[in-house]
Number of protein chains: 2
Amino acid sequence: MTEKPRPLRADAARNRARVLQVAYETFAEEGAGVPIDEIARRAGVGAGTVYRHFPTKESLFQAIVADRLRQIVEWTRAQAAADPGEGLYAFLFQMAEQGATDLGLTEAFAGSGFDLAAALPDAEKEFTEMMTEILAQAQRAGTVRPDLDAADIKTLVVGLQAMRRFRGDSDLMRRVYPVIRAGLAVPDSPEPSTRGSGTERLGSA
Amino acid sequence: MTEKPRPLRADAARNRARVLQVAYETFAEEGAGVPIDEIARRAGVGAGTVYRHFPTKESLFQAIVADRLRQIVEWTRAQAAADPGEGLYAFLFQMAEQGATDLGLTEAFAGSGFDLAAALPDAEKEFTEMMTEILAQAQRAGTVRPDLDAADIKTLVVGLQAMRRFRGDSDLMRRVYPVIRAGLAVPDSPEPSTRGSGTERLGSA
DNA sequence: ATAAAATCGGGGCGCTCGTTCCGCTTAGGA
DNA sequence: TCCTAAGCGGAACGAGCGCCCCGATTTTAT
C-alpha cells in the first residue's frame, strides 16, 4: 500500500467537485436511474470525465449515499443530545421529509436493486448504531414503546418515505404523522390482539 | 360502436388466457419492469402473440391491475359486511401482505411511473369509493379515529406495502402492525402537538 | 516559452427491451 | 378433404444507456 496520491490537477479537482455536487442534486431529483450523460450534461463536462473520477455509475451513487448518511447521523445525534425523548421522532420525520426531496436516498433505503449493507457496510453500521442509540434514549425517556428494536425503526423509515413521496403535499402528510406518533407512544392499556393478521387469501386470476 | 366481436379462434383464445395468467404471475414476481419476452417465454408463445392480444405492454399491465383491484374490492366488501368495525383493518393488513407477493400491484399503487387514476379511472374510482365506505363504517363503529379520510388510508396502504416489501420476513412485520393499529385507534387523551414537523434543514453537500 | 504529462469530450460499441413485420402454420367451415 | 384467413413465432429495427477509446486540449514544471 505505498500511497502515492499524486495531487489532482487544478481543473480536474474542479471538475470532480462539480460532478459530485451535480450528481448529488440529480440523483435526488431523478433517482438512481438517471443516465450518466444527463449528469455530465448538467455538470458541463463529457461522460468520459465522469468515468475518470468514478469508475462506475454505481460507485458515484454510493459515494453520494455515504455522504448523505453521514450528514443524517450527525444531524440526528445533535437533535437527540438536545432532547433525548424527542430525538427518535425528529429523526423519523426528518427521514420522511427526505423522501420528498431525495429520491436517490429513498431508493437506497428501500433496497430496490441496491443493497445498502453490502455496498456501504461501514456507513450502514454507523447508521444502525445511531438508530439503536436514539431508540434506547427515547425508550428510557418513556416517549416510545419498549417493544421495538432498530430493525423496526428502519422499517418505519422505509414506510414513511414511501408515504411522503406518494403525497407530494406536505399539508396532508401532517394528518398521517400524528397516527404514527400515537402508534409509537407507550400504550396505556393492553393491546387488543391483532385481528386476522391478513393471511387470508384472495382468489387468484 | 357497431360491435362485431368476431369470436376468437380456439387456439387464440387459449393463448390469450395463458398469457394473461402468466403475465399475472410474472408481474407479481418481477414487477412492471419485466421484459415482454420473458412473459412470452414463460407462456410458451412468441412475443408477437402477446402483442396481438395486447397492443402494448402497458395495456397488458393495466388489464391485470384492473382485475386485481376488482378482486380486492370484492374481498374487502365481504370482510366489512361480516364485521364493520374490523373491515378497514382487514383491508389494510391484506394490502400489506399483497406488498410481499405482488410487486406489480405495489408499483401501481405507489405510482412510480404509473398513474392509476389516469390509466384506470373506473377501477380507481370504485376502489376509492370502497375505501371511503369501509372507513366510514369503522369510524361509526368507533374502531378508527374520526379525523382521517380515504386519501389518508391510501397513503397508509402505500406505506404498509413498502414496509412489507422491505421486510421479507412476515414475523417481524407482526411487530409493526400493532404500532399502526394503535395509531389508528381513537385517541383517549388529547394529542401532544407534533414536534418540529421535520422542516429543519440538513446541511447540503 | 516549451514540451511532457494529465485531462478532456463525445463518438462509438455492445447490450437490453419495446414493438413491428412477414413467411409459415393451422383451425374450422364448406 | 380442401381452402382460406386467422393466428403464430421469432428475426429484425430503433431507441436508450453504461462504459471505453483516442485525438485534441490544457496545465504545470523547467
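As a basis for the values below, the full set of heavy atoms in this structure was taken, side chains included, without hydrogen atoms, waters or symmetry mates. The model shown is predicted, which means the values in this text are computed figures rather than measured ones. Here is how names work: the chains are called A, B, and so on, in the same order as the sequence lines, proteins then strands, and each is numbered from 1.
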How long is the line joining [atom1] of [X] and [atom2] of [N], in whole Å?
| X | N | atom1 | atom2 | answer |
| --- | --- | --- | --- | --- |
| B:Arg18 | D:dG9 | CZ | C1' | 16 Å |
| A:Glu58 | D:dC19 | CD | C1' | 14 Å |
| B:Asn15 | D:dC8 | CG | C1' | 8 Å |
| A:Ile39 | D:dC19 | CD1 | C1' | 14 Å |
| A:Asp37 | D:dG16 | CG | P | 12 Å |
| A:Leu8 | D:dT27 | CG | P | 14 Å |

Practice task
Return the 5'-most residue of the pair B:Arg14, B:Tyr51 with respect to DNA chain C, ranking by each residue's nearest nucleotide.
Solution key: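 Nearer the 5' end of the strand: B:Tyr51.
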Problem - Of B:Gly33 and B:Ala10, the one whose closest DNA chain C nucleotide lies more 5' - result: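 It is B:Gly33 whose nearest nucleotide is closer to the 5' end.
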Exercise for the section: Check whether any side-chain heavy atom of B:Glu97 lies under 4.5 Å from a side-chain heavy atom of B:Phe93, and answer yes or no. Expected result: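 No, too far: nothing below the 4.5 Å cut-off.
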Handout entry: Side-chain touch A:Thr56/A:Phe61, heavy atoms, less than 4.5 angstrom
Key =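 The answer is no, as the side chains (C-beta and beyond) never meet within the 4.5 Å cut-off.
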Problem - Heavy-atom contact window of chain B on DNA chain C, given 5' to 3' at under 4.0 Å - result: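 First and last nucleotides in contact are C:dC17 to C:dG28.
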Note: [X]-[Y] ion pair, threshold 4.0 Å (strictly below):
| X | Y | value |
| --- | --- | --- |
| B:Arg14 | B:Asp11 | no |
| A:Glu124 | A:Lys154 | yes |
| B:Arg70 | B:Asp67 | yes |

Problem - 5′-ward residue of the pair A:Ile36/A:Arg52 relative to DNA chain D - result: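 Result: A:Ile36.
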Problem - 5' priority, DNA chain D, between A:Asp11 and B:Gly46 [closest heavy atom] - result: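 Going by which nucleotide is closer to the 5' end, it is B:Gly46.
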Practice task
Would you tell me whether A:Glu133 and A:Gln137 have side-chain atoms, one donor and one acceptor, within less than 3.5 Å of each other?
Solution key: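 No, A:Gln137 and A:Glu133 have no side-chain donor paired with an acceptor closer than 3.5 Å.
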Handout entry: Over 12 foreign heavy atoms within 6.0 Å of CD, B:Glu74
Key =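 Counting other residues, nucleotides and ligands, CD of B:Glu74 stays at 12 neighbours or fewer.
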Would you mind classifying the nucleic acid contact of [X] as base, sugar-phosphate or nothing, using non-hydrogen atoms under 4.0 angstrom?
| X | result |
| --- | --- |
| B:Ala12 | sugar-phosphate |
| A:Val50 | nothing |
| A:Ala47 | base |

Handout entry: OP1 or OP2 of D:dT26 under 4.0 Å from side-chain N/O of A:Arg9
Key =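 No.
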